[in-house]
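Here the structure is laid out as structure tokens; the discussion comes afterwards.
Numbers here are sequence positions counted from 1.
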Amino acid sequence: FQAEDGIRDCLLSRGLGDVYKRQLLNRALFKLSFAVAMTIVTIMVMALSLSAITRFISGTGYDWLIELPPVLVCWLVFPLLGPLFKQGSHIQVDFLSSVLSRKQLYFLKIFINGVALLAAVIFFKAGLEATQLYFRLGQLMELEIDLPIWWMYLSFPVGFAIMGSFALELLIDAVTDRSPQELESE
């Protein structure tokens with residue numbers, strides 16, 4: 001039993017003090033992802049509002065204020081995949097939980113988190129390759145603001161690295177939760 005897990009009873013402790021220390025990274029990523037997302041939404045709303053005000057007052061607007069929100073969407077969506085997955089806020093179907101036994105749910109949770117981890121690794125690799133390709137090409141977006149295309153594609157590997165970190169944590173949590181034998185005895 002490890003005191004770090006906060007459980008002082010040897011029978012209840014699962015000795016997960018080291019696992020909880022590793023979760024600190026994901027807690028920081030969780031908070032950072034939501035802070036970045038809130039900042040991006042604020043910038044998007046302000047850009048569109050400023051565009052409308054500018055057009056109303058002067059009769060002309062700046063194209064970059066209208067083009068900025070779609071450019072930021074990828075940085076809003078992909079880094080939030082992991083935190084939303086951990087929180088259970090993604091699209092899901094929960095009818096199986098009422099049909100399956102606890103033992104079956106145990107294995108289903110392991111399967112789902114394993115598939116999520118595998119998908120995160122695959123999409124991370126694909127996103128990294130696309131980012132490197134566009135970085136080498138040096139192409140810029142055809143907007144009023146000169147942004148390199150690779151900057152948008154960089155959100156893929158960043159987001160899926162975060163997703164992989166959360167999926168790994170959830171997989172470890174699912175595996176170390178309780179054994180199927182313990183679930184059968186309940």
Task: Which atom of Met44 lies closest to which atom of Pro69, heavy atoms considered - done: CE-O, 3.5 Å

TODO: Could you give me the CA-CA distance, side-chain angles and deciding distance for Glu129 and Leu133, then say whether side-chain contact (heavy atoms from CB on, under 4.5 Å) is met?
DONE: CA-CA 6 Å; Glu129 289 173 0; Leu133 171 70; over 6 Å; no

TODO: Tell me, yes or no, whether the heavy-atom count around Phe30 atom CZ, taken from other residues, nucleotides or ligands under 6.0 Å, exceeds 12.
DONE: yes

Task: Taking every non-hydrogen atom, the tightest pair across Met141 and Pro148 - done: CE-O, 3.7 Å

Open item on the list: Quick one: does any side-chain atom of Trp150 pair with a main-chain N or O of Arg136 as donor and acceptor, under 3.5 Å?
Closed with: no

Task: Connected via hydrophobic side-chain network under 4.5 Å: Leu118 and Leu108 - done: no

Open item on the list: Once you measure the plane-to-plane angle for Phe156 and Tyr153, does it fall in the parallel (<30°), tilted (30-60°) or perpendicular (>60°) bin?
Closed with: parallel

Open item on the list: Rounded to the nearest 0.5 Å, what separates atom CH2 in Trp64 from atom CG in Leu147?
Closed with: 11.0 Å

Open item on the list: To the closest 0.5 Å, what do you measure between NZ (Lys86) and CZ (Arg27)?
Closed with: 8.0 Å

Task: Exercise: identify the closest heavy-atom pair between Gly164 and Leu117 - done: O-CD1, 3.4 Å

Open item on the list: Does Phe124 form a side-chain contact (heavy atoms from CB on, under 4.5 Å) with Val121? I'd like the steps, not just the answer.
Closed with: CA-CA 5 Å; Phe124 170 80; Val121 169; 5.7 Å; no

- [ ] Please check if atom CE in Met46 has more than 12 non-hydrogen atoms from other residues, nucleotides or ligands closer than 6.0 Å.
- [x] no

Open item on the list: Side-chain heavy atoms nearer than 4.5 Å, only ILVMFWY residues, links allowed to pass through others: does that put Leu50 and Val41 together?
Closed with: yes

Task: Ile53-Leu68 co-clustered via ILVMFWY side chain contacts under 4.5 Å - done: no

TODO: Rounded to the nearest 0.5 Å, what's the gap from CG on Leu29 to OG on Ser165? Could you check?
DONE: 5.5 Å

Open item on the list: Quick check for you: to the nearest 0.5 Å, what is the distance between Phe160 atom CZ and Ser155 atom OG?
Closed with: 9.0 Å

- [ ] Rounded to the nearest 0.5 Å, what's the gap from CG on Leu154 to CD1 on Ile149? Could you check?
- [x] 14.0 Å

- [ ] Might you point out which heavy atoms bring Gly127 and Thr131 nearest each other, and give the distance in Å?
- [x] O-OG1, 2.7 Å

Task: Distance flag, aromatic centroids of Phe107 and Phe111, threshold under 6.0 Å - done: no

- [ ] Indicate yes or no for a side-chain donor-acceptor contact from Thr42 to the backbone of Met38 under 3.5 Å, with no hydrogens or angles considered.
- [x] yes

Task: Minimum heavy-atom distance Phe34-Gln87, with the two atoms named - done: CZ-OE1, 3.9 Å

Task: Cluster check Ile122, Leu171: I/L/V/M/F/W/Y, side chain < 4.5 angstrom - done: no

- [ ] Examine Ile43 and Trp75 and state if one hydrophobic cluster contains both, with Ile, Leu, Val, Met, Phe, Trp and Tyr joined whenever side-chain heavy atoms are less than 4.5 Å apart.
- [x] yes

TODO: Kindly compute the distance separating CD1 (Ile172) from CD (Glu169), expressed to the nearest 0.5 Å.
DONE: 8.0 Å

- [ ] Please report the shortest heavy-atom distance between Ser33 and Ile162, naming the atom on each side.
- [x] OG-CD1, 3.9 Å

